[in-house]
Amino acid sequence: MARKKIALIGAGNIGGTLAHLCALKGLGDVVLYDVVDGLPQGKALDLLEAGPIEGYDVNLVGTTSYTEIQEADVCIVTAGLARKPGMSRDDLLGINCKIMREVSENIAKYAPNSFLIVITNPLDAMVTLAKRVTGFPKNRVVGQAGVLDSSRYRTFIAQELNVSVQNVTAMVLGGHGDDMVPVRSYCQVAGISIERLISAERLEEIENRVRQAGGEIVALLKTGSAFYSPASAAIQMTEAYLYDKKHILPCAAYLEGEYGIEGVYFGVPVSIGAGGVERVVDIALSDKEKQEMQGSVSHVQELIAAMDNVLAQSA
Ligand code: TXD
């Protein structure tokens, strides 16, 4: 059977880490694309030369030409600017809109049957634009944010209780902004409700740290944003698709009435398998969580309106 082909659009910090993980896990042949000549070629060659040591046989190609992504099975987009200290994700809207439009046109042209995962910020707007421009059905366009935000929640809970991260299940839903929704009622440690283990006040502090966790890393790095963990998150989604896992993961999915939300991309639990986003999983939320979801949807809708303005001005 031929190896799968994974196209990584953007060969920066996340793109390079994605390529490394794809190779280490043997997910398929990798094409790294970027507009900066030399960057994708250099990273691909470097990774290829690690192959004999790590024992992977996958091929890695770096390119500035979209023809190389021809017939890719999966496209993961990280092309665009990343945050610097003092910037919100929404500040990236203007510049990343233009980049996402160009990237999406080329994906539609060269990899029309691919499963498309968007990572570029502001995530909820960028994934919306990718769906519009590619014209792909909603099951083949998904945004990565919730897997990462949930992993941050799980990390902090595991640290707090000094237990294995593998014992902690948690979900963060909603938009990928500071008003994201850590769903406390579904957070468990070895099946035990988190509310039995940590006080409400302390949980509030931990959840606030989750909401600010992206900014915490930006403030430390000073020149960019998190990249190891966002890459791991997108790879988990890629594996769910390639191995038809039906893995339930929190992702930005296009909603048509689910959770009472119509016509926007929003972070909800979905099942990912060979059909892409195969279904949205409906979970009962507390009144407080429902209210927080509403607040977060309003923010996403404002972001989309701002994006439409930017697009109208540049048309
Ligand atoms: O969970 C999440 N969704 C995120 C998203 C978590 C962390 C960071 N997130 C966002 O991902 C971040 O705000 C950025 O918008 C993207 C990519 O982050 P990364 O850290 O990889 O940024 P880099 O290192 O700056 O890499 C971006 C690359 C860089 O090499 C540029 O040359 C390239 O994008 N770029 C392009 N590639 C292709 N096509 C075009 N037009 C283009 N323009 C820039």
Side-chain angles (χ1 to χ4, degrees), residues 7-21 31-44 62-66 68-69 75-85 87-107 110 116-130 133 142-153 172 174-178 180 210-237 249-252 265 267 300 303:
L8 307 174
I9 314 299
N13 281 335
I14 302 180
T17 311
L18 284 168
H20 200 187
L21 289 172
V31 177
L32 257 177
Y33 171 92
D34 205 287
V35 284
V36 178
D37 193 32
L39 177 71
Q41 294 92 333
K43 287 195 178 180
T63 183
T64 54
S65 162
Y66 272 110
E68 298 271 3
I69 75 162
C75 293
I76 310 180
V77 181
T78 60
L81 249 62
R83 281 198 283 172
K84 304 259 162 32
M87 288 173 91
S88 81
R89 296 177 179 90
D90 298 3
D91 293 336
L92 302 170
L93 188 65
I95 178 84
N96 285 355
C97 254
K98 294 187 193 101
I99 294 173
M100 187 55 64
R101 188 157 55 180
E102 172 199 304
V103 167
S104 303
E105 282 165 1
N106 283 291
I107 289 175
Y110 293 102
L116 170 52
I117 302 175
V118 176
I119 304 186
T120 305
N121 270 327
L123 190 269
D124 308 282
M126 293 302 101
V127 66
T128 302
L129 186 58
V133 175
V142 66
Q144 187 301 115
V147 175
L148 167 63
D149 297 327
S150 306
S151 184
R152 288 173 167 158
Y153 196 14
V172 177
H176 186 51
D178 294 346
M180 62 183 73
V210 172
R211 293 190 187 93
Q212 305 294 331
E216 189 178 348
I217 305 251
V218 171
L220 288 166
L221 294 180
K222 297 180 187 72
T223 54
S225 49
F227 54 99
Y228 294 116
S229 54
S232 290
I235 291 295
Q236 189 171 47
M237 293 161 69
L249 296 166
C251 302
Y265 268 90
V300 172
L303 190 64

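Count residues from 1 along the sequence. For ligands, and for the atoms within them, numbers begin at 1 and follow the listed sequence. Side chains are part of it too, since the values below use all heavy atoms of this structure and drop only hydrogens, waters and symmetry mates.
Nearest heavy atom pair, residue Cys251 against residue Met237, reads SG-CE, 3.7 Å. For Val218 against Ser225, the heavy-atom pair with the smallest separation is CG2-CB, 3.6 Å. Here the closest non-hydrogen pair linking Leu303 and Pro122 is CD2-CB, 3.8 Å.
Between Val103 and Thr120, every side-chain heavy-atom pair lies at or beyond the 4.5 Å cut-off. Annotation: side chain of Asn121 is not in contact with side chain of Met126 (no heavy-atom distance under 4.5 Å).
If you number the atoms of ligand 1 from 1 as listed, the ones under 4.0 Å from a heavy atom of Ile119 come out as 2 (C), 3 (N), 4 (C), 5 (C), 9 (N), 10 (C), 11 (O). Atoms of ligand 1 lying under 4.0 Å from any heavy atom of Leu81, numbered from 1 in the order shown and given with element: 12 (C), 13 (O), 14 (C), 15 (O). The Leu92 neighbourhood of ligand 1 comprises atoms 13 (O), with distances under 4.0 Å to a heavy atom of that residue. Less than 4.0 angstrom separates some heavy atom of Tyr33 from each of these atoms of ligand 1: 38 (C), 39 (N). Counting the atoms of ligand 1 from 1 in the order shown, those under 4.0 Å from a heavy atom of Pro230 are 6 (C), 7 (C). Within ligand 1, counting atoms from 1 as listed, the ones closer than 4.0 Å to a heavy atom of Glu102 are 41 (N). Those atoms of ligand 1 that come under 4.0 Å of a heavy atom in Asn96, given as number and element, are 15 (O).
The closest protein non-hydrogen atom to atom 43 (N) of ligand 1 is Ile99 CD1, 3.5 Å. For atom 16 (C) of ligand 1, the nearest non-hydrogen atom of the protein is Thr78 O, 3.5 Å. Ranking protein heavy atoms by distance to atom 26 (O) of ligand 1, first place goes to Gly12 CA, 3.3 Å. With hydrogens left out, the protein atom closest to atom 22 (O) of ligand 1 is Ala82 CB, 3.7 Å, a heavy atom. Nearest protein neighbour of atom 9 (N) of ligand 1, counting heavy atoms only, is Asn121 ND2, 3.3 Å. Residue, atom and distance of the protein heavy atom nearest to atom 39 (N) of ligand 1 are Val35 CG1, 3.6 Å.
Ligand 1 has no N or O atom lying under 3.5 Å from any N or O atom of Tyr66, backbone or side chain. For ligand 1, the polar-atom distance check finds no N/O of Ala145 at less than 3.5 Å from any of the ligand's N/O atoms. Geometrically, ligand 1 and Ile9 share no nitrogen or oxygen pair separated by less than 3.5 Å. Looking at Gln144 next to ligand 1, an N or O pair under 3.5 Å apart turns up. Residue Gly15 places no N or O, backbone or side chain, under 3.5 Å from any N or O of ligand 1.
One N or O on the side chain of Asp124 and one on the backbone of His176 form a donor-acceptor pair closer than 3.5 Å. Under a 3.5 Å cut-off, the side chain of Ser150 and the backbone N or O of Val172 do form a donor-acceptor pair. Checking side-chain atoms of Thr78 against main-chain N and O of Gly10 turns up a donor-acceptor pair under 3.5 Å. In this structure, Glu216 contributes its side chain and Ala213 its backbone to no donor-acceptor pair below 3.5 Å. Between the side chain of Lys43 and the main chain of Ala11, a donor-acceptor pair closer than 3.5 Å is present.
The closest heavy-atom contact to atom 36 (C) of ligand 1, among the options Ala79, Pro40, Gly146, Ala11, comes from Ala79. Among Ile14, Ile95, Asp34, the residue whose heavy atom sits closest to atom 29 (C) of ligand 1 is Asp34. Relative to atom 8 (C) of ligand 1, the option among Ala252, Gly143, Ser225, Gly80 with the closest non-hydrogen atom is Ser225.
With a heavy-atom cut-off of 4.0 Å, Val36 touches ligand 1 through its side chain alone. Counting heavy atoms under 4.0 Å from ligand 1, residue Leu39 touches it through the side chain alone. With a 4.0 Å heavy-atom cut-off, ligand 1 is reached by the backbone of Asn13 and by its side chain too. In His176, the part holding a heavy atom less than 4.0 Å from any atom of ligand 1 is the side chain.
Between the CG atom in Leu81 and the CD1 atom in Ile95 there is a gap of 6.0 Å [rounded to 0.5 Å]. In this structure, Lys98 NZ and Leu93 CG are separated by 9.5 Å, a value rounded to the nearest 0.5 Å. With rounding to the nearest 0.5 Å, the separation of CG in Asn96 from CG in Asp91 is 11.0 Å. Of the inter-residue distances, the one linking Glu105 atom CD with Met100 atom CE reads 12.0 Å to the nearest 0.5 angstrom. Between atom CD of residue Glu102 and atom CD1 of residue Ile107 there is a gap of 10.5 Å, rounded to the nearest 0.5 Å.
Distances shorter than 4.0 angstrom occur between a heavy atom of Ala226 and an atom of ligand 1.
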